[in-house]
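Accompanying notes for the structure given below.
Quick note: numbers below take in every heavy atom, side chains included, and nothing from hydrogens, waters or symmetry partners.
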Amino acid sequence: QVQFVESGGGLVQPGGSLRLSCAVSGIDIRGLRLGWYRQAPGKERELSAVIWSDGSTNYGDSVKGRATISREDVKNSIFLQLNSLKPEDTAIYYCRLFGLDFWGQGTQVTVSS
């Protein structure tokens, strides 16, 4: 009964910013490793960011330096701050709980002038 509800996507101009949210229900995220993936049409899903239970983070090369993943365990949520957005960031962004093969609907990010 796990659910991911991703939100915060939208249409932004190059150089803009977005803060994506993922509200998790059906499981307590404390102690778990979570992350964000993204998938553009015709391309494979790729890992963008990971956050461990202790707050340690790692980022994919495509977003490194422009993205910040965070978690608020009390809210059972994770977030992804995206800055200096580029057209190639256009994709559906998905929340991921590692060890659980389940995907939500994702949230669409479109970067275009």
With sequence neighbours excluded, residues passing side chain to side chain contact (heavy atoms under 4.5 Å, CB included) with S7
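Per chain and number, S7 pairs via side chain to side chain contact (heavy atoms under 4.5 Å, CB included) with S21.
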
Report yes if some heavy atom in the side chain of [X] is under 4.5 Å from a heavy atom in the side chain of [Y]; otherwise report no.
X: L100; Y: V2; value: yes
X: E46; Y: R38; value: yes
X: V111; Y: Q13; value: no
X: L82; Y: L20; value: yes
X: F4; Y: F102; value: yes
X: W103; Y: R45; value: yes
X: L32; Y: I27; value: yes
X: V50; Y: T57; value: no

Derivation of the side-chain contact (heavy atoms from CB on, under 4.5 Å) call for Y93 and E6
CA-CA 8 Å; Y93 286 72; E6 296 99 336; over 6 Å; no

Any donor-acceptor pair under 3.5 Å linking the side-chain atoms of R71 with those of S53?
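No - no donor-acceptor pair under 3.5 Å links their side chains.
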
If you take all heavy atoms of [X] and [Y], which pair is closest and at what distance?
X: I69; Y: Y59; value: N-OH, 2.9 Å
X: S113; Y: P14; value: N-CD, 3.7 Å
X: A40; Y: A91; value: N-CB, 3.8 Å

So, is the end of the R96 side chain (NZ or CZ) under 6.0 Å from the ring centre of W36 and within 45° of the ring's axis?
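No, a cation-pi geometry is absent between R96 and W36.
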
Is the side chain of S56 donor-acceptor paired with the backbone N or O of D54 at a distance under 3.5 Å, no angle test?
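Checking the backbone N and O of D54 against the side chain of S56, no donor-acceptor pair under 3.5 Å is found.
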
Exactly one of V12, T90, T110 should register a side-chain contact (heavy atoms from CB on, under 4.5 Å) with L85. Which one does?
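So the option named by the test is V12.
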
Residue pairs passing the salt bridge (Lys or Arg N to Asp or Glu O under 4.0 Å) test where at least one lies in residues 56-65, sequence neighbours excluded:
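Every pair satisfying salt bridge (Lys or Arg N to Asp or Glu O under 4.0 Å) with a residue in residues 56-65: D61-K64.
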
If a pair satisfies disulfide (SG to SG under 2.5 Å) and one of its residues is in residues 17-93, list it, with sequence neighbours excluded.
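Listed once each, the pairs are C22-C95.
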
For the CD atom on E44, are there more than 12 heavy atoms of other groups (residues, nucleotides or ligands in this structure) within a distance under 6.0 Å?
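No, not enclosed.
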
